[in-house]
Amino acid sequence: MSFSGDVKEELSRQVPQSRHCQIAELAALISMCGSVVNDGNGKFYIQFCTEKVTVARKCFTLVEKTFNIKADIAIRRNPVRKNVSYFVNVKGHENALRILQATKLIGEHGYSCGELHIVNYVVIQQSCCKRAFLRGAFLAAGSMSDPKKAYHFEIVCFSQGIAKLIQKIICSFSMDAKIVTRKKAYVVYLKEGSQIVDMLNIMEAHVSLMELENVRILKEMRNAVNRKVNCETANINKTVSAAVKQIKDIAYIRDTIGLDKLSEGLQELAVLRLEHADATLKELGELLEPPVGKSGVNHRLRKLGEIADRVRQNKEDYYD
């Protein structure tokens with residue numbers, strides 16, 4: 001099972017203790033994967049449609065626990081697409097009306113055909129109810145990338161209104177959710193790993209949260225090690241390149257005008273550099289009598305480089 005599937009499996013087994021939170025989660029499930037079906041006799045019933053057995057189980061459980069209503073479950077197999085669809089049907093006009101009014105998806109005086117929207121935000125007024133609503137929305141239409149590959153959390157909505165509502169709820173928890181259009185859908189998404197961790201905490205997927213945190217820690221450690229290795233490698237390459245040039249310059253001076261033409265300080269350092277090709281500036285400075293700091297050694301080596309360049313240009317004033 002994918003990481004996203006593991007999260008949904010964990011969330012599907014959580015049923016809020018408070019009835020108002022159960023209603024909020026059910027409101028999200030109806031909004032995201034439910035519909036009101038007309039039976040042809042002026043009556044209607046609620047139908048949930050999903051390809052995830054975890055979502056179907058959650059819908060069935062919430063309807064029964066919250067309203068003491070037994071729903072029917074039907075399974076339909078598609079031989080062409082080779083998938084399975086689960087239908088949870090809440091039969092009975094009065095039962096459907098009671099659920100829709102409790103979840104504030106219709107007003108107290110009836111139902112108008114069209115997309116289902118929350119008409120009274122009292123159902124998601126409390127923080128715990130907002131958490132339940134987001135849990136239901138993710139269960140019905142959400143997904144997450146494998147954190148080992150990338151950080152991405154999204155909920156796909158087929159209504160701009162519900163997308164903006166979900167975005168608003170997520171942002172109320174101090175996160176920066178974005179909306180992007182994808183074909184005919186509106187996708188609410190998060191990209192930062194830390195915000196996805198917070199989102200799992202909000203939805204109370206604590207086991208998945210710990211798994212994600214472990215992955216993040218390993219990735220951050222690996223990245224830190226890689227950065228350190230790259231930095232040290234770059235420094236070593238830089239040091240080696242500088243030492244090679246210094247030795248080349250000193251050897252050129254030795255083979256042309258001779259090291260004895262140099263001042264005492266430059267001559268002493270030139271000899272030490274030829275004898276200790278792998279030594280750092282600090283180590284070279286400690287070998288001098290008296291010892292010299294890194295900046296002093298660097299200054300003398302730079303001077304030797306300038307002298308070598310002047311000699312190459314056949315300038316008589318190669319040494320001040």
For the backbone of Glu289 and the side chain of Glu268, can you confirm whether one donor and one acceptor N or O come within less than 3.5 Å of each other?
yes
Separation between CZ of Arg254 and CD1 of Ile247, rounded to the nearest 0.5 Å
10.5 Å
Taking Thr280's backbone N and O only, do any of them form a donor-acceptor pair with Glu283's side chain (distance below 3.5 Å, no angle check)?
yes
Minimum heavy-atom separation for Gln22 and Leu62, please, with both atom names.
CB-CD2, 4.1 Å
So how far is it from Ile99 CD1 to Leu105 CG, rounded to the nearest 0.5 Å?
10.5 Å
Qualifying residue for ring-ring contact (aromatic ring centres under 6.0 Å, His included) with Phe138, from Phe153, Phe133, Tyr189:
Phe153
Evaluate the side-chain hydrogen bond (donor to acceptor under 3.5 Å, both in side chains) criterion for residues His152 and Glu154: first the C-alpha distance (whole Å), next the side-chain angles of each, then the deciding distance (0.1 Å), finally the verdict.
CA-CA 7 Å; His152 184 79; Glu154 69 176 34; 2.8 Å; yes
Answer yes or no: is there a donor N or O on one side and an acceptor on the other, between the side chain of Ser2 and the main chain of Gly5, under 3.5 Å?
yes
Using 0.5 Å steps for rounding, measure from the NZ atom of Lys294 to the CG atom of Leu284.
11.5 Å
Charged N to carboxylate O below 4.0 Å: is that the case for Glu25 and Lys58?
yes
Can you check whether Leu304 reaches Leu301 side chain to side chain, under 4.5 Å on heavy atoms?
yes
With a 4.5 Å cut-off on side-chain heavy-atom distances among I, L, V, M, F, W and Y, is there a chain of contacts connecting Leu218 to Val197?
no
Let me confirm one number: the CD1-SG distance from Ile179 to Cys157, rounded to the nearest 0.5 Å.
7.5 Å
Examine Arg98 relative to Phe67 and say whether NZ or CZ is less than 6.0 Å from the centre of the six-membered ring and inside a 45° cone about the ring axis.
no
Side chain Lys248, main chain Ala243, donor-acceptor under 3.5 Å:
no
Pair Arg302 + Glu306, salt bridge at N-O below 4.0 Å
no
Rounded to the nearest 0.5 Å, how far apart are CG of Asn89 and CZ of Phe48?
9.5 Å
Checking Ile307 against Leu266 for the side chain to side chain contact (heavy atoms under 4.5 Å, CB included) test, could you report, in this order, the C-alpha distance in whole Å, the side-chain angles of both residues, the deciding distance, and whether it holds?
CA-CA 11 Å; Ile307 293 173; Leu266 292 180; 3.9 Å; yes
SB check Asp176 Lys178 (cutoff 4.0 Å)
yes
Using the ring centroid of each side chain, check whether His93 and Phe44 are separated by less than 6.0 Å.
yes
Can you find a pair of side-chain heavy atoms, one from Pro16 and one from Arg135, that are under 4.5 Å apart?
yes
Quick one: does Gln126's side chain get under 4.5 Å of Cys21's, heavy atoms only?
no
Thr50 side-chain N/O to Lys52 backbone N/O, donor-acceptor pair under 3.5 Å:
yes
If you take all heavy atoms of Ser85 and Glu51, which pair is closest and at what distance?
OG-CG, 4.2 Å
With a 4.5 Å cut-off on side-chain heavy-atom distances among I, L, V, M, F, W and Y, is there a chain of contacts connecting Leu26 to Tyr86?
no
Lys65 to Phe60, cation-pi by 6.0 Å centre distance and 45° axis angle
no
Strictly below 4.0 Å, N to O, side chains only: are Asp249 and Lys303 in salt-bridge contact?
no
Within the side chain of Gln14, is there an N or O that forms a donor-acceptor pair under 3.5 Å with the backbone of Glu204?
yes
Out of curiosity, Cys59 SG to Glu64 CD, how far, rounded to the nearest 0.5 Å?
13.0 Å
Side chains of Thr54 and Glu9: any donor to acceptor distance under 3.5 Å?
no
Test your reading of the model: is there a side-chain donor-acceptor pair from Glu10 to the backbone of Val207, 3.5 Å cut-off?
yes
